[in-house]
There are 2 protein chains.
Amino acid sequence: MESRCENCIIRQFNSLRAMSKEELKKVSDSKTTKIVKKGEPIFEEGDKLNGVYCVRNGVSKLSKLSANGKDQIVKLASKGEVLGQRSVISQESTNLSAIAVDDMEVCFIPKESINNTLQKNPNFTLEVLRHMAHDLKEADDVIVNISQKTVKQRMAEAFLYLKNNFGEDSDGFLALTLSREDISNVVGTATESAIRIISEFKKKGLIHTSGKKIGIKDERKLLEMVEGF
Amino acid sequence: MESRCENCIIRQFNSLRAMSKEELKKVSDSKTTKIVKKGEPIFEEGDKLNGVYCVRNGVSKLSKLSANGKDQIVKLASKGEVLGQRSVISQESTNLSAIAVDDMEVCFIPKESINNTLQKNPNFTLEVLRHMAHDLKEADDVIVNISQKTVKQRMAEAFLYLKNNFGEDSDGFLALTLSREDISNVVGTATESAIRIISEFKKKGLIHTSGKKIGIKDERKLLEMVEGF
DNA sequence: TTAAAAATATGATATTTATCAGTAAATTGT
DNA sequence: ACAATTTACTGATAAATATCATATTTTTAA
């Protein structure tokens with residue numbers, strides 16, 4: 001038995017909570033649940049999306065390919081986040097790829113349900129708007145960070161971000177394990193540079209590693225580094 | 001006599017066009033027009049905004065101060081754009097400063113009018129949402145550009161952007177004249193580096209200058225440079 | 001109008017970061 | 001279980017960019 005949106009807890013975290021019971025029912029009837037394996041795309045840059053994807057489980061990286069062949073990861077989206085919203089709203093093909101970093105479970109919601117509700121339920125629209133305002137603010141912060149901070153500072157910041165947003169496992173490692181390449185694509189640097197800085201941080205006792213897992217050892221010093229001490 | 005929003009052409013360019021006649025009337029009655037001199041702020045990072053600013057004339061730079069004391073310009077806003085929307089919508093203090101690059105004329109619209117309409121007129125909300133979706137897409141592009149392109153490429157891109165968005169004067173110079181420092185803050189580089197690259201472009205015949213004015217001479221080559229040839 | 005201040009420009013140098021080359025370790029598929 | 005592939009790591013070097021110093025030009029304000 002497929003679960004119903006009406007009963008879905010995930011919904012509390014996103015704009016779907018502003019939908020009425022009837023609207024949710026329609027969404028639930030039209031939605032399909034999908035398993036996306038680690039490394040597989042949910043959608044890719046340039047795709048025309050026929051709906052949005054609500055993340056039930058796992059983490060997705062939203063990235064954009066640059067001319068020089070490197071991906072830049074613009075955002076990491078996890079449980080509760082809705083992917084593809086912007087594309088559906090502006091009726092353009094998407095400017096980002098969404099690729100699973102973990103095994104994922106996502107619900108596909110056809111755009112008709114969304115567009116319909118957008119036009120009829122101002123609360124829903126406002127809720128979506130608030131989320132987008134938040135995303136835009138975050139994007140502005142990323143711009144300033146990338147252009148004004150050193151790679152080292154951005155690396156430190158990335159680790160703190162991962163801790164704050166995805167937590168730690170029982171052994172004190174960051175719960176979200178990214179490849180070195182993904183880390184470099186979040187930070188916006190060459191993979192070798194990212195690896196080098198990881199080694200340096202390890203030597204300085206700021207972090208510890210085990211395979212590709214990374215744990216934060218000295219949060220205060222990392223924070224100071226981000227601030228530029 | 002103050003002009004009325006109902007008759008304002010500027011409105012066609014922004015989300016206010018989705019307002020009903022009654023709503024516009026209210027806005028018009030509550031709005032105030034303000035002259036902002038070149039270099040003066042409309043609002044500053046951290047301010048709590050009591051409304052939004054609709055640009056009637058002139059250009060404003062939206063920037064954020066980084067820890068190292070440099071400003072990063074996130075967006076240049078001109079005629080028709082509405083400033084402070086995001087802050088009002090998310091009910092947070094603003095994350096950006098808005099400073100006049102030109103002499104400006106802006107209309108201040110108290111947030112009550114905006115919030116009221118947001119809650120009652122889904123068309124308006126949707127229109128605002130579309131604009132914000134567009135801004136977010138642009139912000140994503142900026143992120144990728146800054147992290148994946150060289151300073152030279154970003155400089156070339158900045159000149160093309162200025163031409164496409166603000167046009168040229170009768171002598172073939174970019175209509176929007178920015179200081180070298182502002183250019184460096186758009187591009188996200190040191191002022192000296194920006195100046196150096198301007199000199200280089202001049203030598204190569206890509207641009208020509210006169211005082212702080214810059215004109216584009218070889219658009220095709222600039223474009224090729226942006227693409228990475 | 002003219003002295004002071006600010007902005008532009010350029011050179012020398014230091015620092016940061018990327019690239020290339022190669023090795024070691026881990027992961028994957030059979 | 002093991003060869004093949006991918007990922008992680010390290011060193012050497014090159015390239016890009018920032019910083020500091022200083023000269024020149026332009027703008028501002030008394």
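Lettering follows sequence order; numbering is per chain, from 1.
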When you check the gap from the basic side-chain N to the acidic O, do [X] and [Y] get nearer than 4.0 Å?
{"X": "B:Glu81", "Y": "B:Lys75", "value": "yes"}
{"X": "B:Asp140", "Y": "A:Lys64", "value": "no"}
{"X": "A:Arg86", "Y": "A:Asp135", "value": "no"}
{"X": "B:Glu157", "Y": "B:Lys149", "value": "yes"}
{"X": "B:Lys204", "Y": "B:Glu200", "value": "yes"}

Between [N] atom [atom2] and [X] atom [atom1], what is the distance in whole Å?
{"X": "B:Lys212", "N": "C:dA9", "atom1": "NZ", "atom2": "P", "value": "10 Å"}
{"X": "B:Lys203", "N": "C:dA9", "atom1": "NZ", "atom2": "P", "value": "12 Å"}
{"X": "B:Glu200", "N": "C:dA9", "atom1": "CD", "atom2": "P", "value": "14 Å"}
{"X": "B:Ile195", "N": "D:dA21", "atom1": "CD1", "atom2": "P", "value": "17 Å"}
{"X": "B:Ile197", "N": "D:dT17", "atom1": "CD1", "atom2": "P", "value": "7 Å"}
{"X": "A:Ile183", "N": "D:dC9", "atom1": "CD1", "atom2": "C1'", "value": "13 Å"}
{"X": "A:Lys213", "N": "C:dA25", "atom1": "NZ", "atom2": "C1'", "value": "17 Å"}
{"X": "A:Gln72", "N": "C:dA18", "atom1": "CD", "atom2": "P", "value": "11 Å"}

OP1 or OP2 of [N] less than 4.0 angstrom from a side-chain nitrogen or oxygen of [X], does that happen here?
{"X": "B:Ser193", "N": "D:dA18", "result": "yes"}
{"X": "B:Ser199", "N": "C:dT10", "result": "yes"}
{"X": "B:Thr191", "N": "C:dT8", "result": "no"}

Original post:
NA contact type, A:Glu181, heavy-atom cut-off 4.0 Å: base, sugar-phosphate, or nothing?
Top reply: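 Counting heavy atoms under 4.0 Å across all strands, the contact made by A:Glu181 is with sugar-phosphate only.
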Given [options], identify the nucleotide with an atom nearest to the side chain of [X].
{"X": "A:Thr189", "options": "C:dG11, D:dA18, C:dT17", "answer": "C:dT17"}
{"X": "B:Ala190", "options": "C:dT19, D:dA8, D:dT19", "answer": "D:dT19"}
{"X": "B:Glu192", "options": "C:dT17, D:dC20, C:dT19", "answer": "D:dC20"}
{"X": "B:Arg196", "options": "D:dG11, C:dT10, D:dT17", "answer": "C:dT10"}

Original post:
If you pin A:Lys149 and B:Ser179 to their nearest nucleotides in DNA chain C, which one's is more 5'?
Top reply: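 Looking at DNA chain C, the more 5' nearest nucleotide goes with B:Ser179.
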Original post:
Between A:Val151 and A:Gly211, who's closer to the 5' end of DNA chain C by nearest nucleotide?
Top reply: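 Closest to the 5' end, via its nearest nucleotide, is A:Val151.
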Subject >> No-H, no-angle donor-acceptor pair, A:Arg180 side chain to D:dT10 base, under 3.5 Å >> reply: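 When only heavy-atom distances are counted, A:Arg180 does not reach the base of D:dT10 through any donor-acceptor pair under 3.5 Å.
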Subject >> Pairwise 5' ranking along DNA chain D for B:Lys38 and B:Ala194, keeping only the more 5' one >> reply: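 Nearest-nucleotide comparison on DNA chain D picks B:Ala194.
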